[in-house]
Protein chains: 2
Amino acid sequence: MATTTAAQRREQARAEYDAFLKGCPTNQLLDRISDKWVALVVSALAPGPMRYSDLGRRIAGVSPKMLTQTLRTLERDGLLTRTVTPSVPVRVDYALTPLGTSLSLLLTAVKDWAETHFDEVHRAREHYDTETG
Amino acid sequence: MATTTAAQRREQARAEYDAFLKGCPTNQLLDRISDKWVALVVSALAPGPMRYSDLGRRIAGVSPKMLTQTLRTLERDGLLTRTVTPSVPVRVDYALTPLGTSLSLLLTAVKDWAETHFDEVHRAREHYDTETG
DNA sequence: CGGTATCCGGCGGGATACTG
DNA sequence: CAGTATCCCGCCGGATACCG
């Protein structure tokens, strides 16, 4: 039969859309800044460079795995630099690049929006929850 | 033993931090806009109101479940309104509130950053991947 | 100190089927 | 048309252990 089922069509559409999203700069950036640890790392580094273990302590509750993973992707994207000083013991510093600093400014804009409209969102939630019971 | 292990201390820190993040407006907002479908719904509605099934078609590949879930949370947060017209068949329109429109402007800022710096990020990635082999 | 490697449990979300 | 209900799988990320 010539049946292209609705499911098949949606799967097809989803595949195309996923491909589109993978190439979409905005979506890629959202994936980046939405990561739980990325915002924390970037804002921790905004005032100045920091060592690996300092970051680990500053960002309480992060596991080594996630900290490293986060730092690697940010380094790959050119948002921060990783500098190894081959002393004993070895010392590794992370610092924002200009691009990273620029991103931290964008995050500041997000933060401002959040703080400005938080009350409004909160009230909307209480209203919604009351109505719905 | 009196050992408070590193693991225990990290778990404690993580619990506190999670609580802190839950109450943090910025983090809540990031959770919201980072959701895969939220940005798509908000930008789809930016030009004007739309019906449920129109949104479903416009945002290719979204399942009914996720579309409804996304719309519900956005409605709860006061970012959009849901209007039921009890005709036959019923008609439901979704429209951004002023707050939602304001959020869409923030998303535009994110989009602008993404498009402005995409090349730079892309070059950084290629450089990183080349160096690392 | 600054990581890497491995295992594994929870849950987000897709597929599928049904309803007012 | 506009959803709801259920099952279930993939994968994210935490815990743990080990290395240069």
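Numbers restart at 1 for each chain; the letters A, B, ... are given by sequence-line order, proteins then strands. For the numbers below, each heavy atom of this structure counts, side chains included, while hydrogens, waters and symmetry mates do not.
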- Message: Strictly below 4.0 Å: does B:R82 bring a side-chain N or O up to OP1 or OP2 of D:dG3?
- Response: yes
- Task: Please examine the side chains of B:L29 and B:L106, heavy atoms only from C-beta on, and report whether any two atoms are closer than 4.5 Å.
- Result: yes
- Checking C:dG3, D:dA2, C:dG2 against the side chain of A:Y94 (C-beta onward), the nearest is C:dG3
- Task: Report the distance from atom CZ of B:R51 to atom C1' of D:dG3, rounded to the nearest whole Å.
- Result: 13 Å
- How about B:T68 and B:Y52: does a side-chain donor come under 3.5 Å of a side-chain acceptor? yes
- Just how far, in rounded Å, is C1' of C:dG3 from CZ of A:R91? 16 Å
- Task: Would you list the pairs meeting salt bridge (Lys or Arg N to Asp or Glu O under 4.0 Å) in which at least one residue belongs to residues 57-74 of chain B, sequence neighbours left out?
- Result: B:D54-B:R57
- Query: How long is the line joining CG of B:D18 and P of D:dG13, in whole Å?
  - Reply: 13 Å
- Side-chain contact check for B:D35: nearest option of C:dG13, D:dA2, C:dG3 is C:dG13
- Nearest-angstrom distance from the residue atom CG of B:L67 to P of C:dA15: 14 Å
- Report the residue (A:V90 or A:S63) whose heavy-atom-nearest nucleotide on DNA chain D is the more 5′ of the two. A:S63
- Task: Round to the nearest Å and state the distance from B:L71 atom CG to D:dA2 atom P.
- Result: 11 Å
- Message: Check this for me, if you would: do B:D93 and B:R82 make a salt bridge, where the nitrogen-to-carboxylate-oxygen distance has to be below 4.0 angstrom?
- Response: no
- Note on the structure: Assert: residue with more 5' nearest nucleotide on DNA chain C, out of B:Q69 and A:Y52, is A:Y52
- Message: What is the distance, to the nearest angstrom, from the CD1 atom on B:I59 to the P atom on C:dG14?
- Response: 12 Å
- Item | N/O (side chain, B:R72) to phosphate O (OP1/OP2, D:dA2) under 4.0 Å | no
- Query: Between D:dT6, D:dG3, C:dG3, which nucleotide has the shortest distance from any of its atoms to the side chain of B:T68?
  - Reply: D:dG3
- Item | Below 4.0 Å: OP1/OP2 of C:dG14 and any side-chain N or O of B:W37 | yes
- Query: Atom CE of A:M50 and atom C1' of C:dC1: how far apart are they, to the nearest Å?
  - Reply: 17 Å
- Task: Given side-chain hydrogen bond (donor to acceptor under 3.5 Å, both in side chains), test A:W113 with B:S102 step by step and report yes or no.
- Result: CA-CA 9 Å; A:W113 195 97; B:S102 153; 2.6 Å; yes
- Message: If I take atom NZ in residue B:K65 and atom P in nucleotide D:dC8, what distance separates them, rounded to the nearest angstrom?
- Response: 13 Å
